[in-house]
Structures are given as C-alpha cells and as structure tokens.
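Taking it in order: structure first as structure tokens, then the write-up.
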Protein chains: 2
Amino acid sequence: MYLSARGEYGIMAVLDLALAKGSSPVQAKGIADRQGIPLKFLEHILRALRHAGLIESSRGIHGGYRLAKPADQIRLGDVVQAVEGPIAITPPRSSLRAHNGNGHGAPHSSLIQDVWEEVKVSVVNTLNRTTLADLCRRVQDLEEQRTLMYHI
Amino acid sequence: MYLSARGEYGIMAVLDLALAKGSSPVQAKGIADRQGIPLKFLEHILRALRHAGLIESSRGIHGGYRLAKPADQIRLGDVVQAVEGPIAITPPRSSLRAHNGNGHGAPHSSLIQDVWEEVKVSVVNTLNRTTLADLCRRVQDLEEQRTLMYHI
DNA sequence: ATTAACCCTATCTGTACAGTAGGAATTAGG
DNA sequence: CCTAATTCCTACTGTACAGATAGGGTTAAT
C-alpha cells in the first residue's frame, strides 16, 4: 500500500514555503534545488497546490510562490489530497467484479467497502492532526538540538 | 493511495472459509465461484495466506482449505499484510533522493517519514480493530435484515 | 525588447499489479 | 496401480499508472 511520491513532494514544497520567512515569493527552482525534486515535476505539484487554493503564485520575472493561508491553517491531509487527488483505498476498477459468470459474484463486497471506508477516514484524520505549522516547529526543534550537539 | 485488489480478495477468501461451517475443507474452485475471483489468481492469494499461518490446506482429491485459528483470532490487518506484504506508505525508492546535484537533497525527509509512520500505524490499527468473527457477525446481521424485508 | 519566471499539454518509460499458463506433487477411490 | 481431483509452484504476459521529461505559451519587471 503506497502513498505516491507526489504526497511527499507536496509536503516538502509547502514546508519550504513556510520556512521562507521573507516577503518575496519563492521560486520553483529554489524549492527544487533545496528539496531535491526534479523542477519540471515540481511544477505539476505546485500547479495542483495552487488549484486547491493552498498556495498563490505571481508570474513574471520576479515571480514565485507563497502560502495562501497561515501555516497553522494548512493540514497535511489538505496537501496530500491536493496533489494526489481524493484519497481512495481501492481503485475504481473495484466494481468490475459486479458481473461474472454466475451473475452475482462478490456477495460481501459492501461489508469490505465499509472496512476500506474506515481505513480511509483514519488515514485522513491522522494526516489532518498535523498542520504545516506543527511541521515547522519540529524542524526548529531539530535544528536547535543540532546546534546544542555542535556546542559540546 | 491504494490498497491492491489482493487485500479485498484475501478478506473474501477467509470470510468464505469462516462461513463454511462444515467440517470438510473448502475447495479453491468453490471460493472462486462464490466470490467471483479468478481461480488461478485466487491460488496465489491462498498460498500467501497459508504461508502466513492463517489457513491450512489438505492436498489430494478431497483437499481444500480451512482456517488455522478461530475466526476471532484472525484480524483483518493480518490478512491484508499476509497477501499484500508489509504495509508501506512510500516505495523503497524514497531514499533515492539522498544524492542530487548539491549533495544533500531532501533535508526534512526524516520528519515526513515520521508522518508516514503515523499513518501506517493508524491503518494497521484500524484494520486490526476488526476480526474475521466481527465480519461474520455483520454478514449474519445483513442476512437477517434481508429475511425480514422479504417477510413484509 | 529581453529575460526570467510561471503555466499548460503532450509524451516517454519503467515497474508493479492483475491475471494466465502449464505442469509437478499429493491423495482418494476403484 | 491407475485415474481423477485437488493443491502447489514457477514463469510469463498485458496493461495501467506514476514519475519524469520536453517544448513551448504567457506574463511581467527592467
């Protein structure tokens, strides 16, 4: 069971934006370099994030991206769903088993759909428990620890 | 984010076994017909379930499969992990970003790995909250309701 | 006008998954 | 012992999709 790489890229991208305190927008090229994401692929991710209303962009020669809302109002679930599409547990193809030879296959599939639904809800809830602001705080904690280590 | 069809097939298979009250083993062909699963594909699923110790088989002309433990000791998480392998959120490829041009890409990936770990735990926990016995009970409840409807 | 950025559509490519094929090993019954 | 039915195992195939790339259009600052 995999979340695709897009989710990871998406989180890295918005985290990069959140950590860029300056008032000027952040260029895709910079994000790509810092986070190790292929630039052309990152552009797709950023487009999805923008369409979801999570980030804003300005075009032209000093253009770039910034968060569209405060970091504590951006939940990881929003980010992941923006770049990966709605979280589904089974591919749509799952209903292709509605018809097979005997005419009434998969008798208990509705029960299993309920289970998948539970799983999906718990994934979304787990992702939504953490906001971008939380992640920023963790980054700062980590760097603080690193500095302490360095001073010993 | 998808669970593959194997998980669904696996659950249908063990549920079929759990609902077969008889003392004689259940043949793969029967499961395949009742649940609408291609026989040859189902064989792979059953093999995985057997290797995980969830079901037992007897070979030969009146062979078949039965549960290796009582239904209330088989959790859906066990079944899913048996047929799909350990639940992973990101493909192993995720560490390929340890080296890119500047030499130190993906600075916050450990934080994100923590998030994925949380998600994974919540998926496993959600699946493990339901046992095969629970599913059987739900099937019976559904059939009871269906019978009532029929009598009106 | 030039340039640097974002924006969009299309295409390539590898891989994982669902499904298929063929046959070896095992057991029951005649 | 022979046959039939079943599990067991290995290998192969086709396809859909994700990651990645390519190329060019659009916008705006200088």
Item to check | Comparing Tyr65(B) and Arg6(A) on DNA chain D - which has the more 5′ nearest nucleotide | outcome: Tyr65(B)
Restricting both atoms to N or O, compile the protein contacts to nucleotides 9-11 of chain D shorter than 3.5 Å, with distance only.
{"from": "dC9(D)", "atom 1": "OP2", "to": "Arg47(B)", "atom 2": "NH1", "distance (Å)": "3.4"}
{"from": "dC9(D)", "atom 1": "OP2", "to": "Arg50(B)", "atom 2": "NH2", "distance (Å)": "2.8"}
{"from": "dC9(D)", "atom 1": "N4", "to": "Glu43(B)", "atom 2": "OE1", "distance (Å)": "3.4"}

Whole Å only: how far is the [atom1] atom of [X] from the [atom2] atom of [N]?
X        : N       : atom1 : atom2 : answer
Leu39(B) : dA21(C) : CG    : P     : 12 Å
Glu56(B) : dT6(D)  : CD    : C1'   : 17 Å
Phe41(B) : dG14(D) : CZ    : P     : 17 Å
Ile55(B) : dT6(D)  : CD1   : P     : 16 Å
Ile37(B) : dA18(C) : CD1   : C1'   : 12 Å
Arg66(A) : dC6(C)  : CZ    : C1'   : 12 Å
Ile31(B) : dT7(D)  : CD1   : C1'   : 12 Å
Ile45(B) : dT7(D)  : CD1   : C1'   : 16 Å

Checklist entry - OP1 or OP2 of dG19(D) sitting under 4.0 Å from any side-chain N/O of Tyr9(A)? => result no
Checklist entry - For Arg66(A), which of Ser24(A), Ser23(A), Ser58(A) qualifies under side-chain hydrogen bond (donor to acceptor under 3.5 Å, both in side chains)? => result Ser58(A)
Checklist entry - What pair of heavy atoms forms the shortest contact from Arg137(A) to Asp134(A), and how long is it? => result NH2-OD1, 2.7 Å
Quick test: give all pairs of protein nitrogen or oxygen and nucleotides 24-28 of chain C nitrogen or oxygen below 3.5 Å, distance rounded to 0.1 Å.
{"from": "dA25(C)", "atom 1": "N3", "to": "Arg59(B)", "atom 2": "NH2", "distance (Å)": "3.0"}
{"from": "dT27(C)", "atom 1": "O2", "to": "Ile61(B)", "atom 2": "N", "distance (Å)": "3.3"}

Next on the checklist: Consider side-chain contact (heavy atoms from CB on, under 4.5 Å). Of Asp78(A), Val79(A), Ile87(A), which one does Leu127(A) pass it with?
Outcome noted: Ile87(A)
Residues 25-32 of chain B, side-chain donor-acceptor partners within the protein, below 3.5 Å, at least two apart:
{"from": "Gln27(B)", "atom 1": "NE2", "to": "Gly63(B)", "atom 2": "O", "distance (Å)": "2.8"}
{"from": "Lys29(B)", "atom 1": "NZ", "to": "Asp33(B)", "atom 2": "OD2", "distance (Å)": "3.0"}

Next on the checklist: Checking Glu84(B) against Ser4(B) for the side-chain hydrogen bond (donor to acceptor under 3.5 Å, both in side chains) test, could you report, in this order, the C-alpha distance in whole Å, the side-chain angles of both residues, the deciding distance, and whether it holds?
Outcome noted: CA-CA 7 Å; Glu84(B) 302 201 339; Ser4(B) 61; 2.8 Å; yes
Checklist entry - Considering only dT20(C), dG19(D), dC6(C), which nucleotide approaches the side chain of Ala5(A) most closely? => result dG19(D)
